[in-house]
Amino acid sequence: MAGRLLNAARLFSSAGSTRQAFCWQHKIPTVQVIPCQPRSTVSKQKEDSTDLGMPPCDFIPEEYKGISYDRAKEVRGDKLNPGLLTYYRKPIMVHQGHMQWLYDTEGKRYLDLFAGIVTVSVGHCHPKVNAALHDQVDRLWHTTSIYMHPKIHEYAEKLLAKLPDNLQCVYFVNSGSEANDMAMQMARLHTGAYDLVSLRNAYHGMSPQTMGLTSLGNWHYQVPRGFGVHNAVNPDPFRGPWGGKNCRDSPVQTIRDCNCAEGQCHANEMYVEQFNDLLRHGTPKKIAGFFVEGIQGVGGAVQLTNGFIKEAYAATRAKGGVCIFDEVQTGFGRLGSHYWGFETHGVVPDIVTMAKGMGNGFPIAAVITSKEIASTMSQALHFNTFGGNPMSCAVGSAVLDVIDEEGLQAHSAELGTYFLLELAKIRDEFEVVGDVRGKGLMIGFELVTDKESRTPLAGDQVVDIWEDMKDMGVLVGKGGLYGNALRIKPPMCITRDDVDFSLSVLRKALQNNKEKHG
C-alpha cells in the first residue's frame with residue numbers, strides 16, 4: 001500500500017519552495033533560458049499572455065508542414081463522425097506537445113491544464129516514457145496475450161505492488177469504458193446477482209452497458225441503456241439538497257453554511273439514508289455491486305461528502321454486492337495525499353478500474369481485483385486483442401517509474417493545495433464563482449449567476465470565459481451537467497510559475513466577463 005504523505009498544512013507551508021521549476025531536467029538547462037518560441041513561422045502570442053507572465057520555455061517545436069487548418073476543418077466536417085466533440089468556437093489544431101505545453105500549427109504555445117482529459121499524467125512526450133516506447137517499438141510491437149512476452153509480466157508485478165493485498169490480479173484492457181464494462185461483468189458473475197448501483201452525476205464510460213452507470217442526461221441517447229443499474233442521489237455538498245462548510249476532503253470548503261460541529265456532517269447522514277432507501281425500495285435482496293468515483297470527473301470535479309463512500313460500501317456488502325472503485329481519473333498520485341483515490345476515503349474496494357494517466361496518453365487500462373473474483377472470467381472464453389500488448393506495458397511501467405522518481409505525488413499535494421487556496425481567493429473576488437473544490441491536481445471551478453442562488457451561469461458567459469482563457473494561452477476543460485464547471489487537471493509536472501500564470505489569466509477572463517455583463 002502506498003504510504004501516507006505529510007499532511008496538507010505542512011505541504012502547503014512549503015509550497016513553491018522546492019519545486020519552482022519541476023520539469024527542469026527535461027527542458028531548462030543551466031544556460032540562459034529564452035522564451036519558448038518556434039522558428040520564424042510563429043504568429044505573435046496574444047499580448048495578454050506576455051503581460052500576464054507566461055513562463056519561459058526553451059523548447060523549440062518543429063515547423064509544421066502538414067495538412068492546412070482549413071483543409072483539416074473540411075475533412076472533420078465531411079469525413080469524421082459529427083458526434084466527435086470539438087472544443088472552442090475556433091478549434092485549435094495541436095501539432096506538438098512538450099511536458100505541460102501544447103503547440104498549435106502556427107506555433108502558438110498553450111499551457112495545458114486539461115492534460116488530454118486528465119490523461120497526460122507525467123507530461124507530454126516525457127523523455128523517459130518516450131524512450132521506453134521507442135525501445136519496445138524497435139523490438140516487438142504486438143503479440144496477443146495468448147503468447148507470453150516479458151513486458152506484461154514485469155508491468156503487472158510492478159503495478160500490483162502499489163495496491164493492497166486483496167487486489168493482486170490484473171486484466172489489461174485499452175480504455176476506461178472497457179475496464180468498467182468488464183468490472184460490471186465480473187461483479188455479476190461473482191455474486192450471481194444482476195442489479196448495480198452508481199451515483200447521479202457519475203461518469204463511468206460510454207459503452208452500451210456502462211451508459212447505465214453514467215448518470216448525466218446530456219450524455220444519454222434515446223436508446224435503452226444499462227439494464228439493472230440504479231442511480232442514487234449524489235452526495236454533492238455544493239449543489240445537492242444538503243451541504244455545509246465541513247463536508248469534503250479539500251483545502252477549500254463550500255460557501256454553504258451549517259451548524260455541524262467539527263468532525264460531524266449532517267448532510268452525509270442524509271445522503272447515506274437516501275442511498276439505503278434506494279437499496280430498500282429499488283433493489284432485490286441481493287445486488288451485484290456499487291460503482292463510485294472518488295471525485296466525479298466529467299461531472300465537474302465534484303467531491304462527495306466525507307464518510308459517504310465508507311458507509312455506502314458497508315451497505316453494499318450487506319446486500320451481497322462487491323464494491324468497485326473507478327480510478328480512471330483519480331489514480332496514480334494525482335490527488336496528492338495518497339496514490340489512489342480510494343485511500344482518501346478510507347476504504348479498500350473489491351475491484352478497481354483504471355486508465356487515462358496510467359499510460360500518459362497511450363491506450364492502456366486495467367481491471368484489478370482478487371483472484372477469487374477474477375476467476376469468474378474463466379467460466380467461458382474471453383479475449384482482448386490489444387490488452388496488455390508490449391508497447392502499452394512498456395509505457396505503463398515507465399510512467400510508474402517517473403511518478404516515483406520525480407516525486408509527482410508529493411508535488412501534486414503541495415502545488416495542488418496552493419492552487420486551490422489561490423482559486424478560493426478568486427472565488428471571493430467574483431460573484432460568478434460559486435465553488436472551488438478538489439484535491440491535489442484534480443480541481444473544479446464552478447460558475448454561477450450569484451452565490452446565493454447557485455444558479456448555473458449562462459452557457460454563453462461560461463464559454464466566453466473559457467474562450468478568453470484559451471486566447472491568453474491557457475487550456476482548461478469544461479464539465480458538469482450544465483457545462484458550467486471549469487475542470488483543471490494538468491500534467492503533474494506543472495510548476496508554481498505555471499499556476500501563477502494560470503491564476504492571472506483566469507482572473508483577467510473573469511474581469512473581462514464582469515465588465516461585459518456587470
Any chance CG of Asp165 has more than 12 other-residue heavy atoms, nucleotides or ligands included, within less than 6.0 Å? no
Please test Thr369 against Val352 for side chain to side chain contact (heavy atoms under 4.5 Å, CB included), starting from the C-alpha separation and ending with a verdict. CA-CA 6 Å; Thr369 186; Val352 175; over 6 Å; no
Specify the closest pair of heavy atoms between Gln168 and Ile368, including all atoms of both residues, with the distance to one decimal. N-CG2, 4.4 Å
Smallest heavy-atom separation, Ala288 atom then Ala187 atom, equals O-CB, 3.8 Å
Side chains of Asn384 and Asn174: donor-acceptor distance under 3.5 Å anywhere? yes
Do Glu406 and His411 come close enough that some side-chain heavy atom pair is under 4.5 Å? no
Establish, for the pair Lys489 and Phe114, whether the NZ or CZ atom is under 6.0 angstrom from the six-membered ring centre and no further than 45 degrees off its axis. no
With side chain to side chain contact (heavy atoms under 4.5 Å, CB included) as the test, would you mind laying out the steps for Lys439 and Gln303 before giving the verdict? CA-CA 9 Å; Lys439 188 175 174 66; Gln303 290 184 277; 4.2 Å; yes
Between Arg280 and Asp277 (salt bridge meaning N to carboxylate O under 4.0 Å), is one present in this structure? yes
Is there a side-chain contact between Arg437 and Phe445 in this structure, where contact means two heavy atoms from C-beta onward sitting under 4.5 Å apart? no
For the residue pair Leu213 and Asn231, what are the closest heavy atoms and their distance? O-ND2, 3.9 Å
Within this structure, what is the CG-CD distance for the pair Leu278 and Glu273, rounded to the nearest 0.5 Å? 11.0 Å
Considering only heavy atoms from C-beta outward, does the side chain of Thr316 approach that of Val197 to under 4.5 Å? no
According to the interplanar angle, ranging from 0 to 90°, do the rings of His149 and His153 count as parallel (below 30°), tilted (30 to 60°) or perpendicular (above 60°)? perpendicular
Lys286 and Thr191 side chains, donor-acceptor separation under 3.5 Å: no
Can you find a heavy atom in the side chain of Glu327 that is under 4.5 Å from one in the side chain of Phe332? no
Take Tyr88 and Trp466, measure what ring-ring contact (aromatic ring centres under 6.0 Å, His included) needs, and give me the verdict at the end. CA-CA 8 Å; Tyr88 302 117; Trp466 184 56; 4.5 Å; yes
Check whether any side-chain heavy atom of Ile403 lies under 4.5 Å from a side-chain heavy atom of Val122, and answer yes or no. yes
Are side-chain N/O atoms of Ser207 and Asp181 paired as donor and acceptor at under 3.5 Å? yes
Quick one: does Thr385's side chain get under 4.5 Å of His142's, heavy atoms only? yes
Modelled atom types, side-chain donor and acceptor of Gln96 and Arg109, under 3.5 Å: no
Counting heavy atoms not belonging to Tyr221, are there more than 12 under 6.0 Å from its OH? no
Check this for me: does any side-chain nitrogen of one of Arg200 and Asp236 sit under 4.0 Å from a carboxylate oxygen of the other? no
Return yes when atom CZ of Phe362 has more than 12 non-hydrogen atoms of other residues, nucleotides or ligands closer than 6.0 Å, and no otherwise. yes
Aromatic centroids of His345 and Tyr313 separated by under 6.0 Å: no
So, Thr353 versus Asn180: side-chain donor-acceptor pair below 3.5 Å or not? yes
Atom pair CG/CG of Asn234 and Leu304 - distance to nearest 0.5 Å: 6.0 Å
Under the criterion salt bridge (Lys or Arg N to Asp or Glu O under 4.0 Å), I'd like the reasoning laid out for Asp404 against Lys162: C-alpha separation, chi angles, the key distance, then a yes or no. CA-CA 11 Å; Asp404 289 346; Lys162 300 284 188 184; 2.6 Å; yes
Without hydrogens or angle criteria, can the side chains of His204 and Asp326 be said to hold a donor-acceptor pair below 3.5 Å? yes
Between the side chains of Gln296 and Asn201, is a donor N or O closer than 3.5 angstrom to an acceptor N or O? yes
Other residues, nucleotides and ligands only: do more than 12 of their heavy atoms fall within 6.0 Å of CD on Glu154? yes
Distance (rounded to the nearest 0.5 Å) between Arg334 CZ and Ser412 OG: 6.5 Å
Under the side chain to side chain contact (heavy atoms under 4.5 Å, CB included) criterion, do Val252 and Leu423 qualify, and how do the steps go? CA-CA 9 Å; Val252 182; Leu423 287 169; over 6 Å; no
Kindly say whether Ile117 contributes a backbone atom to a donor-acceptor pair with the side chain of Lys356 at under 3.5 angstrom? yes
Distance under 6.0 Å and angle within 45° of ring axis: Arg496 vs Tyr418: yes
For Phe325 and Trp340, I'd like to know if the aromatic rings sit close, meaning centre-to-centre distance below 6.0 Å. no
Pair His95-Tyr103, ring-ring contact (aromatic ring centres under 6.0 Å, His included): steps then yes or no: CA-CA 6 Å; His95 160 50; Tyr103 300 83; 8.4 Å; no
Please report the shortest heavy-atom distance between Ser121 and Asn360, naming the atom on each side. N-OD1, 2.9 Å
CE on Met184 to CD on Gln209, rounded to 0.5 Å: 4.5 Å
Enter the distance from Leu335:CG to Ile295:CD1 here, rounded to the nearest 0.5 Å. 4.5 Å
Counting the benzene-type ring for Trp, do Phe290 and Phe275 have ring centres under 6.0 Å apart? yes
Side chains of Leu475 and Leu113: does their closest heavy-atom pair fall under 4.5 Å? no
What are the two closest non-hydrogen atoms of Ala72 and Met93, and how far apart are they? CB-SD, 3.5 Å
Pair Phe172 and Phe386, ring centroids less than 6.0 Å apart: no
Gln379 and Thr376: side chain donor to acceptor below 3.5 Å: no
Is there a ring-ring contact (aromatic ring centres under 6.0 Å, His included) between Tyr110 and Trp101? Walk through the geometry before answering. CA-CA 6 Å; Tyr110 299 89; Trp101 302 104; 9.7 Å; no
Is the shortest heavy-atom distance from the side chain of Thr417 to the side chain of Leu420 under 4.5 Å? no
Once rounded to the nearest 0.5 Å, what's the spacing between atom CG of Leu167 and atom NZ of Lys371? 13.0 Å
Check against salt bridge (Lys or Arg N to Asp or Glu O under 4.0 Å), Lys158 and Asp401: CA-CA 9 Å; Lys158 186 185 291 189; Asp401 290 342; 3.1 Å; yes
Least distance between heavy atoms, Leu111 atom then Ser502 atom: CD2-OG, 3.2 Å
Kindly indicate, with the supporting measurements, whether the criterion side chain to side chain contact (heavy atoms under 4.5 Å, CB included) is fulfilled by Val298 and Leu216. CA-CA 9 Å; Val298 174; Leu216 288 156; 4.0 Å; yes
Go through the steps to decide whether Asp135 and Lys151 satisfy the test salt bridge (Lys or Arg N to Asp or Glu O under 4.0 Å), and finish with yes or no. CA-CA 12 Å; Asp135 181 68; Lys151 288 301 178 184; 5.3 Å; no
Got a donor-acceptor contact below 3.5 angstrom from the Ser175 side chain to the Glu178 backbone? yes
